[in-house]
Number of protein chains: 2
Amino acid sequence: MIKLTYAEENYLKAIYELTEAGKKSTSTNDISAWMKIKPASVSDMLRKLGEKTVIDYRKYYGVHMTEEGKKLALRIIRKHRLWEVFLVEKLKFSWDEVAEVADELEHVQSPTLIQRLDEYLGFPKFDPHGDPIPDEFGDVRSRPRIALNEIELNGSGQIVAVKDSSAAFLRYLDKVGAYIGARIKVLEKVEFDGSIEILVDNKKTIFMSKDVAGNILVMQ
Amino acid sequence: MIKLTYAEENYLKAIYELTEAGKKSTSTNDISAWMKIKPASVSDMLRKLGEKTVIDYRKYYGVHMTEEGKKLALRIIRKHRLWEVFLVEKLKFSWDEVAEVADELEHVQSPTLIQRLDEYLGFPKFDPHGDPIPDEFGDVRSRPRIALNEIELNGSGQIVAVKDSSAAFLRYLDKVGAYIGARIKVLEKVEFDGSIEILVDNKKTIFMSKDVAGNILVMQ
DNA sequence: ATTATTTTTTAGTGTTGGCTAAAATCCTAT
DNA sequence: ATAGGATTTTAGCCAACACTAAAAAATAAT
Ligand SMILES: [Mn+2]
Ligand SMILES: [Mn+2]
Ligand SMILES: [Mn+2]
Ligand SMILES: [Mn+2]
C-alpha cells in the first residue's frame, strides 16, 4: 500500500488537476507556477513520486499520472470536495472561502471519517463550484459542459460550474448575480472583444467580458 | 503573534495535559512516555518551545506553562474537543473512535472554521468524554468532580467524565453499561482490593475494579 | 548546423523533527 | 561526602521539503 506525505498529496493533486485540464503531460514549470514552488523543488519531488510509482516521470519530458496515482489523486479530490460541501451546506461558508480550509482538511487520514461525512451530507454529487465528487471507488460522473463564451447567440443553458475557483472571481460572480444552477440565455455577443450579455433566470441581464464568460461552465 | 508548527502544537497540548493532571511541573521523561517520543527529541523540542516563550524551561528541571502557552494550548484543546463532539453528534462515531481523528483535525488553522463549528454544534460545554470545552477566550468552566473509587459507601452521584480516554477503556465501559450522564450509587466497597459495586440508574448493578473506578469521574 | 534561449535538473544549504550513543547533571543511598 | 543509578542533555546522524546557484539538456532562432 502506497503511503503519501502531506506534501506529496498536494503535488499529486496538483498534477492530476493540471493533466485533467486538457493535455495529458504536465511540465515541471507548470507545476511550479501552479503550486508556487520553485522548479528545482518540483524536480526533486517528481523524482520521489516517480519512485513511488504514482506518476510516470521521464527527466526533461514532464509527467503523466499512473493508474495508481489517479486513484490516489481522486481520493484526495473526493475528500477536498466533500469538505467543501460540508463547509458551505452546514457551516454557512461562502463558496469563495472554502478552498483554503479544504486544502488542509483533505489530508486528514481516516476512511471512516470521509465515508460518514459523505453519508451525513446526503451523498452529494457536486461541490460548491460545480465540480463532480468522485465516489469511493474513484469514479467520476462528469456532465458535458461548455464555456459560456462558446454558447451561440440566443442559446440557453444552466450554469453548472466554474473553471476558476479563486476568491476574487467567485466574489465577482456573487456581485453580478451569477451562480451555480442559474438558467441563462445569451442575448448578445460583441464581435469586437468577445464580451457577452446574458439573461439570468428570465429576470436579470448581466454583461460580462469574454474572460469572465470563459470561466463559467454551462450545461445545455 | 506566536506561530506553532504541527509538532509544536502536539507537544504543547501534551505538556498542558500533563501539568493540569495534578503537579505543575512536568519532566522530560513524562512527556517522552506520554507522547512516545524519545527523551532526547523531547529535550530538543523543549529548548525550542522555551525560546518561543510558550513554556518556562530550566534545563534538568522540567517545564511549566507560561500564560501565553496556556492560552495556545487551550485553543488547541478547544478545537480537539469541538471536533470530538462533531464526530460523535453528527457523524455517529462512538466515543472510543474520536481521539485519533480529532488529533489531526485539531491542527487545522482557521479561526472562522472553529467558530462556525462551535455555533453549528450549539455551543457545547463538554466533549464526549465529559471534558470541558474552553470558550474562545480560553476560559474553562470545570465542574468539581471526584474519582468513583473515592465515593463513600452508599454515596451517589452522576458520571460526568472519564480520566482515561483510551479506546480499550471506553469500550469496556460500553460493555458493562457505564456512560456519561449515568446516575450511580455505591452499593459495596471491597476492603481487600478496593473494587466496588455500583447501581446504575436504579436499574443495573455493575462490579468493577478499583483501577476502573479510579478512571471514572463523578459529580455529587 | 550552430548558437542562443528557455527549461529542467543537480549540487549544495537550511529548517523541522525524529533517532542513537555518549556525556553531563541530578538524586539517593550509603 | 561520595558512589551508583536514574534522568536529562548534547552531539552527530537522517529524512522530508523548501531554497539559490550552477550545470545540463531541450528547444528555438539564426
Ligand atoms: Mn492540501
Ligand atoms: Mn471546489
Ligand atoms: Mn494532534
Ligand atoms: Mn475528549
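Just so it is clear: chains get the letters A, B, ... in the order the sequence lines come, proteins before strands, and each one is counted from 1. It should be emphasised that the depicted structure is a prediction, and the values quoted were computed from it without experimental measurement.
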query = Above 12 or not: heavy atoms from other molecules or residues under 6.0 Å from CD of A:E100?
reply = no
task = Please tell me which of B:K52 and B:K36 maps to the more 5' nucleotide of DNA chain C, matching each residue to the nucleotide holding its nearest heavy atom.
result = B:K52
ask   = First and last nucleotide of DNA chain D touching chain A, 5' to 3', heavy-atom cut-off 4.0 Å?
value = D:dA16 to D:dA26
ask   = Taking atom C1' of C:dC26 as reference, at what distance in whole Å does atom CG of B:N29 sit?
value = 13 Å
key: More than 12 heavy atoms from other groups under 6.0 Å of NZ on A:K90   = yes
task = Taking the six-membered ring for Trp and the single ring otherwise, decide whether the centroids of A:Y6 and A:Y11 are under 6.0 Å apart.
result = no
query = Relative to A:Y57, does A:R47 satisfy both conditions: NZ or CZ under 6.0 angstrom from the six-membered ring centre, and within 45 degrees of the ring's axis?
reply = no
inquiry  = In whole Å, I'd like the distance from the NZ atom of A:K48 to the P atom of C:dT9.
reply    = 15 Å
request  = Report yes or no: is the cationic atom of A:R143 (NZ for Lys, CZ for Arg) under 6.0 Å from the centre of the six-membered ring of A:F126, at an angle within 45° of the ring normal?
outcome  = yes
message = Under 4.0 Å from OP1 or OP2 of C:dT25: is there any side-chain N or O of B:K59 that close?
response = no
inquiry  = Using a 4.0 Å heavy-atom cut-off, does B:Y11 contact any base of the nucleic acid, only the sugar-phosphate backbone, or nothing at all?
reply    = sugar-phosphate
ask   = Whole-Å distance between C:dT9 P and A:M45 CE?
value = 14 Å
query = What integer distance in Å separates B:E8:CD from C:dT16:C1'?
reply = 9 Å
query = Out of B:K13, B:K79, B:R75, which one pairs with B:E106 under the salt bridge (charged side-chain N to carboxylate O under 4.0 Å, His left out) rule?
reply = B:K13
Position toward the 5' end of DNA chain D (nearest nucleotide), A:Y60 or A:T5 = A:T5
Phosphate-side-chain proximity, B:S41 and C:dG18, N/O vs OP1/OP2 below 4.0 Å = no
key: Atom pair distance, as rounded to whole Å: OH in A:Y6 and P in C:dG17   = 14 Å
ask   = Does a side-chain N or O from A:Y57 land closer than 4.0 Å to OP1 or OP2 of C:dT9, or not?
value = yes
message = From CD1 of B:I37 over to C1' of C:dT20, roughly how many Å is that when rounded to an integer?
response = 16 Å
ask   = Looking at the side chain of A:S43, which of C:dT20, C:dT8, C:dG18 is the nearest nucleotide?
value = C:dT8
key: Six-ring centre of A:Y120, B:K92 cation under 6.0 angstrom, axis tolerance 45°   = no
ask   = In whole angstrom, what separates B:R58's CZ from C:dC26's C1'?
value = 12 Å
note = Here the distance between atom C1' of C:dG14 and atom NZ of A:K38, to the nearest Å, is 16 Å
message = Does A:T28 reach a base, just sugar-phosphate, or nothing at all? Heavy atoms under 4.0 Å.
response = sugar-phosphate
